[in-house]
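It should be emphasised that the depicted structure is a prediction, and the values quoted were computed from it without experimental measurement.
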Amino acid sequence: MPSSFDVVFVGAGHNALVAAAYLAKAGRSVALLERSETPGGFVRSEELTLPGFLHDTYSALHPVLAHGPVFAELGDELSELGLRYLQGGVSAGASLADGRSAVIPTDPTELAAELDRLGEYEGWTGLFADLDQHLGSLFPLLSMDLTTPEAGVLLDGLYEEGATSALPFQELVTGSAFDLITDRFHTEELRSALLPWPLHVGIAPHDAGGALWAAVLAAALSAGNPAPEGGSGRLATVLTALVERHGGTVITGAEVDEVLVGGGRAAGVRTTDGAVYTAAHAVVATAAPDQLYARLLRYAPGIPAGVRDQAARFRYRRGCFQVNLALSRKPHFTDPRLDRGGAVNLGHGVGELIRSVRQAEDGLLPGHPSISWHEPTAVDPGRAPAGSAVVRLQVLEAPLRPVGDAAEEIAADGRWTDEVSERFADRVVAEASRHVAGLTGMILARHVLSPADLAAANPNAGPGDGTAGHNALTQGFTQRPVAAHRGGYATAVPGLFLIGAAAWPGPGVSGASGRAVARLLLS
C-alpha cells in the first residue's frame, strides 16, 4: 500500500468522507485513517439491542445535507451506490405532558392549517418574510470558510442590508433563540416544537447566537427532515464507496498519534503503531481543538502559545445522553399526527426546558429532561421485525460530569457510572411514557449511551458531545472553534486543516466543512 498521498485525513467521519470524495473525483490521491473498524465517525447504525433492530448509534436525521449543496452535487452518484432518503409527513413536532401538541408538516397546506389552528399563522409568515432577505446569503455561508473573500462579500451584504430591516442580521448573530421564538410565537406548543432545536447544534435557549440557528433550523425543518433508508450509517457506507470508486484509500483500525510538521508545514501523520503517511498538499483532521493542539500537535514547533491556550480553554458545557429502544409494537401518541416521522420534542414546556439546561450546566441530572423522540420505523419499517419498532430518546442537556441530581433520587459523584446511566435512563423512559401510553410495556430491550461513552468512542472528541463543544457566539460563527481560526478551517500550522463538529458551522450531519475544505484545496 502506498504511504504518500496528496491529502491525508485524520479520521473518516462523514465530513472527511465528503471532502475526500470531492478531491478523489478531481484526481487527487487521498487516504483516510480511521481509528475504528468502520468509517463514518458519529454517523453509524448498528443492532444495538436485539438482532433485526437497526438503531442509529449517534446521529440520525440529515435535513441540512439532504437539502443542501453536498447532495445536490454528489447525489447522483450517491444514489447510484444505494443512498436513498426517506421522509415522513411530519418534519418535527412537540408533545407536552399536559396533552397539548403541535406539528410541522412537510406539506405546505397542512402546515398552514396547523398554524391557523394554533393561531400562529401571522407570526410564522411574518418571521419568514423578515428572514427572506437573509436566507439567500445565509445558507451559502453554512458551506463556506468564513475567512474567504467570497464569504466576506456575503457577510458585508448581510450586515449592510440588515441595518434597516425589521429583523437585522446583527440581531440574529447576537440574539438568543429564546428571544426570537417567544417574540414571534405565543403558544407553548409551537414554542416547544422549535426552541429545543438549537440544542442539537450546541446552543442553549438563552445563548447569544441562538437566534441565527433558530432561524436556520426553522427554515430547514419546513423543507423536511429526511433520514437514509436503512439507517444513518448508510450515508457513511455509501460515501466510503464513492471515495473508493474514484481511487481513494480508506484505512480502518489506524489511529493517528501525531501530525508531523516539517519545512514549516504539515507533512503527514504517524499512527500509534509507527506507520508514517506523508501528505504532499495537506493534512485534514477531524478533532476538537483542544485535542488537536494538545495531542496531535504536541511536538509541533512554532505554534503561538496563545493559540494553544485558546484551544485548551475550548468549552463543552453539556453532554448528550441517548436511550435506544427495541419495541414489540408500534408506539402511538395521543395526537396521531406525531406518529408520522421526523423528530418530536417531548417536555413540560419552555420553562422546564430552560430549567433542565441550567441544571445540566450546573452538573445536575435534570429532574424533567427534555427529550428528542425519533422513531425511524415510522418511515422505514424494514429497520425492525414486522410489526415492531425502534425508537431513539435523545437528551441534549445532560451534565458532562454529574455531581448531583436535581430530583435528589440518584446518587452521583461526578462520574457516569453504569448505575447512574441506567437510573437516569429509567427517568428518561418514564418521561417519554407520559406522552406515549403503554411505552414501558412495549420495551423488549434498550441500549444506553452516556456522555462518558461518547468521550470513550473517539480520543479526538471532547468530553461527551462528539467534538462539537459549545457553539454560542463566544466560540461560534467567526469565533469558531477558537478566535485564532476566525470561522475558517486553516489552523496555526500551514497545510493543516480542521473539519468536523468543532469547525464552522458546527455539529450535525451536513458535510459542510468537508465540502468547504475540498473547495479550498481544489482552488
Side-chain angles (χ1 to χ4, degrees), residues 7-11 13 15-16 33 35 41 145-148 202 209 255-272 276-279 281-319 400-401 451 454-507 513 516-517 520-521:
V7 182
V8 174
F9 289 83
V10 180
N15 274 293
L33 307 178
R35 171 181 179 261
D145 183 315
L146 297 184
T147 67
T148 60
E255 181 177 353
V256 173
D257 182 59
E258 179 188 358
V259 174
L260 303 175
V261 178
R265 61 181 293 108
V269 303
R270 179 182 287 113
T271 65
T272 52
V276 172
Y277 297 85
T278 59
H281 296 166
V283 174
V284 181
T286 302
D290 51 351
Q291 299 299 311
L292 177 71
Y293 285 102
R295 193 176 83 84
L296 296 175
L297 291 172
R298 61 190 182 278
Y299 301 126
I303 297 175
V307 176
R308 290 191 184 274
D309 288 343
Q310 287 179 24
R313 293 194 301 271
F314 186 66
R315 300 175 183 88
Y316 291 94
R317 293 284 177 90
R318 296 170 301 278
L400 292 171
R401 300 174 185 85
L454 269 173
N458 185 347
N460 291 324
D465 67 355
T467 77
H470 195 44
N471 198 19
L473 191 56
T474 51
Q475 59 181 41
F477 199 44
T478 54
Q479 301 290 106
R480 191 76 179 163
V482 293
H485 289 195
R486 298 180 295 132
Y489 304 109
T491 68
V493 175
L496 173 63
F497 298 86
L498 180 68
I499 61 172
W504 167 258
S513 60
V517 162
L520 285 173
L521 294 176

Going from [atom1] on [X] to [atom2] on [Y], what distance comes out if it is rounded to the nearest 0.5 angstrom?
X    : Y    : atom1 : atom2 : result
T147 : L520 : OG1   : CG    : 7.0 Å
L146 : Q479 : CG    : CD    : 11.0 Å
R295 : E258 : CZ    : CD    : 10.0 Å

Return the minimal non-hydrogen interatomic distance between [X] and [Y], and the atom names on each side.
X    : Y    : answer
V8   : A279 : CG2-CB, 3.9 Å
V7   : H281 : CG2-CB, 4.5 Å
A311 : P289 : CB-O, 3.5 Å
A288 : Y316 : CB-OH, 3.2 Å
V256 : L296 : O-CD2, 3.6 Å

Is the backbone of [Y] close enough, under 3.5 Å, to the side chain of [X] for a donor and an acceptor to pair up by distance?
X    : Y    : result
Q310 : A484 : yes
R265 : A282 : no
Y293 : A492 : yes
Q475 : F314 : no
S513 : G500 : yes

Exercise. Which residue pairs pass the salt bridge (Lys or Arg N to Asp or Glu O under 4.0 Å) test with at least one member in residues 298-313, sequence neighbours excluded?
Worked result: D257-R298

For this session: Apply the test side chain to side chain contact (heavy atoms under 4.5 Å, CB included) to residues Y277 and T271: give CA-CA distance (whole Å), side-chain angles for both, the deciding distance (0.1 Å), then the verdict.
Result: CA-CA 8 Å; Y277 297 85; T271 65; 3.9 Å; yes

Seminar exercise, completed: Exactly one candidate in T286, L498, V283, L496 meets side-chain contact (heavy atoms from CB on, under 4.5 Å) with V10; the answer is V283

Problem set entry | Contacts of type side-chain contact (heavy atoms from CB on, under 4.5 Å), residue A294, not counting sequence neighbours | none

Exercise. Which residues pass the side-chain contact (heavy atoms from CB on, under 4.5 Å) test with A516, sequence neighbours left out?
Worked result: Y489

For this session: Decide side chain to side chain contact (heavy atoms under 4.5 Å, CB included) for N471 and R480; before the verdict, give the C-alpha distance in whole Å, the side-chain angles of both, and the deciding distance to 0.1 Å.
Result: CA-CA 8 Å; N471 198 19; R480 191 76 179 163; 3.2 Å; yes

Problem set entry | Candidate pair I303 and V261, rule side chain to side chain contact (heavy atoms under 4.5 Å, CB included), full reasoning | CA-CA 11 Å; I303 297 175; V261 178; over 6 Å; no

For this session: I would like to know whether H470 and R315 meet side-chain hydrogen bond (donor to acceptor under 3.5 Å, both in side chains); could you show each step before the answer?
Result: CA-CA 6 Å; H470 195 44; R315 300 175 183 88; over 6 Å; no

For this session: Report yes if the side chains of V493 and V259 come closer than 4.5 Å at any heavy-atom pair, otherwise no.
Result: no

For this session: Evaluate side chain to side chain contact (heavy atoms under 4.5 Å, CB included) for V517 paired with F9, printing each intermediate quantity in order.
Result: CA-CA 12 Å; V517 162; F9 289 83; 5.8 Å; no

